Amino acid sequence: MSRWTKGLNPEQRAAVEHGEGPLLVLAGAGSGKTRVITHRVANLMEAGVGGEAILAVTFTNKAAGEMRERLQRMVGPAARAVTMSTFHALGLSMLREELGRGRKGKGARFVIYDTGDQLACLRTLAGRLRLRRTYDLEAVLARISAWKNAFVEPGATPEGDDDYAQVAAIFYPAYEEALRALAAVDFDDLVVRPTRMLEREPACRERWAGRFRHVLVDEYQDTNGSQLRMLRALAGGHRNLCVVGDDDQAIYGWRGAEVRHILEFERDFAPCKVVALERNYRSVARVLELANAVIAGNAARHPKRLVPTREAGPAVRLVVLEDGDAEAAWVAEEIEARLRERRFRPGQVAVLYRSNRLAQALETGLRAQRVPYRVLGGRSFFDRKEVKDLVAYLRVCHSPADAISLRRVINFPPRGIGPATVEKLAAWAEAESQPLFRAVERAAEALGPGDRALPALAQFWGVIGRAARRLREGGDLLAGVQALVEDIGLHDEVLDSAQSGAAAERRWAGVADLLAGVRGYAARAERPSLREFLSQITLADLDKDKEEEDRGERVTLSTLHGAKGLEWACVFLVGMEEGILPHERILNPSVADMESGDLSEERRLCYVGITRAKDELTLTRAARRVLHGKPRERAPSRFVSELPGTLLEVVDRAAPPPEADVREHLRKIKAMLGGPGSG
DNA sequence: GGCTATGCTTTTTTT
DNA sequence: AAGCATAGCC
């Protein structure tokens, strides 16, 4: 028995000790999944497999980081040689390296478009295709993404689908062409394009498949079609592919993940060793009972139960509060009491919710109780306008061909270059078959020598030129960015454009955070470059540095998606209502939605939330909640109302609804006291 | 042609 | 509550 199999149960040990060939680990929640992966890697290394020959793929940077840390604790610095990465980050390095092989590595100069950039791109295309404003571009984008991940070429989209698919079929070729012209790749490209190269170019396949002698995949139930093909291309030769997952925790169907990948792995990679981990080491028995009961409501699944190894624990509570604010306030008070009584440290507590919008009220409640917290995930940071604007400047400096970013900043801060001028520039560029930035460069030619916008354009292009020079390889990245911020007068712009002092402060904090991110990156990176920084901020969390700092000192707020793979001693699962969990959009799918709602995925989401709790679990719901502006009576989530009463201890703290005239009276009093929210 | 204010809508989850 | 589109104003 090797040192890495001591203390494991027989199934875990079998998975860790398995040698060559396909391995499927069906790992129930809390069954020691990450442990199996890290121990397996350590065991392989002890058996003489070099760290550089091992690839471990996860879905989030958080998971990758956590895994690396655990491995480091086990094998020390040798862990650094192991590639631990997300599919997207792996695809990015493959793309950079492969495209960099071309003459002078020119092809490797590209930017990564996130969803917002993709939509901006579609919006400009809509104008050009004369399809303006008629279509839900997000729905179009969803179709295009699905096609890309299924390797459907732009000209070969299936006919006879719904209206949205027909519109998307028009957009798709134009979109792909646009990305090429913009020197941009989207998230899907990061997996699809390297996979295509692996499949088509034997030399490329040799380089990468030969490099990784063992491939391990976490959360396999969340792989989509292109990711599976990438794995096939990488591990199809030696077949040393170990996948770990749980069909009950498949929660990414909406972005193309297919549960059947894990259900069919045995057949896909036969002959294949299968190990099932059902013993749960995480949660007290009462939590597991609830989890088992909730997930049993799903028909299509590997029937299995989590087997408890711990004591019964306290009863799981379902607490009913009056409204959303009362719910948040009550949760915050409960948490504060637990911290005060030293029953938990902040880092052991989490509040989980279905959608990000529930976070605001909770933040308010926790602030009121002076409970330190962090909000996990939520792309919110990069969605902040001032951050996006600054990043767009940096992108234009790095790659002037990025016309989406160029359009974003050409008149920011406002300098008198309006839509009409931009369209003239675009028309000239189109006619001359030149990128948009050439039109800016040669504005006199594009607009005519007397145009009013010429000075502004010259000034703008001067700013970009200066910044680009400062930000070139080898320069001081932080100083360069600071000088750019200075040059565009971002500080004044943020101050002037904000409605209030507080808003200005918040906005400037966004810029400051980005600068801190640059500083952190420059300190961390071996060879800091603008290109690498831009890639990282699109793919990863900038808050990483901040998180490391105070690990364990803060209560976590997270969506259910963001919470997967994590655990806390004390968990609050809020918003247990029809319309929130399960989500409205699943119950009443709109025409733009690709497939009719998948209720089973919502149930799995609920299951994921429940199984995050180790010692104590509380579910809450509000009897009324303000949604779409108006307060509405809320029905309890079917996931709890259909359960036998023995599994939950129901606590009703909601007052009966006030009569309409009383409510009106209250509203008037509140208005007199200075409006709602002033309390 | 460009900017600003007002009125209007709008809400899933993430790489 | 915030973001977006439209309309009106400079």
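Naming convention: chains lettered A, B, ... in sequence-line order (proteins, then strands); numbering from 1 in each chain. Since this is a predicted model, take the numbers as computed values, not measurements.
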- Query: With A:Phe639, which residues qualify under ring-ring contact (aromatic ring centres under 6.0 Å, His included), at least two apart?
  - Reply: none
- Task: For A:Leu141 and B:dT13, give me the distance from atom CG to atom C1', rounded to whole Å.
- Result: 15 Å
- Note on the structure: Considering only heavy side-chain atoms of A:Arg357, the closest of B:dT15, B:dT14, B:dT11 is B:dT11
- When rounded to whole Å, the CG to P distance for the pair A:Asp389 and C:dG3 reads 12 Å
- Mind calculating the distance between CD (A:Gln227) and P (B:dT14) to the nearest angstrom? 16 Å
- Taking the same atom, P, in B:dT11 and in C:dT6, what whole-Å distance lies between them? 16 Å
- Message: According to side chain to side chain contact (heavy atoms under 4.5 Å, CB included), who are the partners of A:Asp325, at least two apart in sequence or on a separate chain?
- Response: A:Asp323, A:Ala361
- Message: In whole Å, I'd like the distance from the CD atom of A:Glu602 to the C1' atom of B:dT13.
- Response: 9 Å
- Of all the choices, B:dG1, B:dT13, B:dT14, which nucleotide is nearest to the side chain of A:Ser355 once you look at every atom? B:dT13
- Is the aromatic ring centre of A:His583 closer than 5.5 Å to the centre of the six-membered base ring of B:dT12, with the two planes inclined by less than 30°? yes
Report all interatomic pairs (protein N or O, nucleotide N or O of nucleotides 2-8 of chain B) with separations under 3.5 Å.
unit_1, atom_1, unit_2, atom_2, d
B:dG2, OP1, A:Gly418, N, 3.2
B:dG2, OP1, A:Thr421, OG1, 2.5
B:dG2, OP2, A:Ala420, N, 3.2
B:dC3, OP1, A:Gly416, N, 3.3
B:dC3, OP2, A:Asn411, ND2, 3.3

- Message: Could you tell me how far C:dC4 sits from B:dT13 if I compare only their C1' atoms? Round to whole Å.
- Response: 23 Å
- Between A:Thr559 and B:dT14, is there a side-chain N or O to OP1/OP2 distance below 4.0 Å? yes
- Query: Is there a donor-acceptor pair closer than 3.5 Å between any side-chain N or O of A:Gln249 and the backbone N or O of A:Val608?
  - Reply: no
- Item | With sequence neighbours excluded, residues passing side chain to side chain contact (heavy atoms under 4.5 Å, CB included) with A:Glu445 | A:Trp428, A:Arg442
- Task: In whole angstrom, give the distance that lies between atom CD of A:Glu601 and atom P of B:dT13.
- Result: 13 Å
- Which part of the nucleic acid, if any, lies within contact of A:Tyr252, taking any heavy atom under 4.0 Å across all strands shown: a base, the sugar-phosphate backbone alone, or nothing? sugar-phosphate
- Listed by chain and number, what are the ring-ring contact (aromatic ring centres under 6.0 Å, His included) partners of A:Phe572, not counting sequence neighbours? none
- Under 4.0 angstrom between A:Asn356 side-chain N/O and B:dT12 OP1 or OP2: no
- Task: Rounded to the nearest angstrom, tell me the gap between atom CG in A:Asp188 and atom P in B:dT14.
- Result: 16 Å
- Would you say the base of B:dT15 and the side-chain of A:Thr115 have a donor-acceptor pair closer than 3.5 Å? yes
- Check whether NZ of the Lys or CZ of the Arg A:Arg96 lies under 6.0 Å from the centre of the six-membered ring of A:Phe110 and within 45 degrees of that ring's axis. yes
- Listed partners of A:Tyr252 passing ring-ring contact (aromatic ring centres under 6.0 Å, His included), at least two apart: A:Trp254, A:His561
- Rounded to the nearest angstrom, tell me the gap between atom CD in A:Gln360 and atom P in C:dA2. 9 Å
- Task: Measure the distance between the ring centre of A:Trp254 and the centre of the six-membered base ring of B:dT12, then answer whether it is under 5.5 Å with planes under 30°.
- Result: no
- Message: When you measure from the side chain of A:Glu602 to the backbone of A:His583, do you find a donor-acceptor pair of N or O atoms at a distance under 3.5 Å?
- Response: yes
- Task: Starting at atom CZ of A:Phe59, determine the distance to atom P of B:dT14, rounded to an integer number of angstrom.
- Result: 15 Å
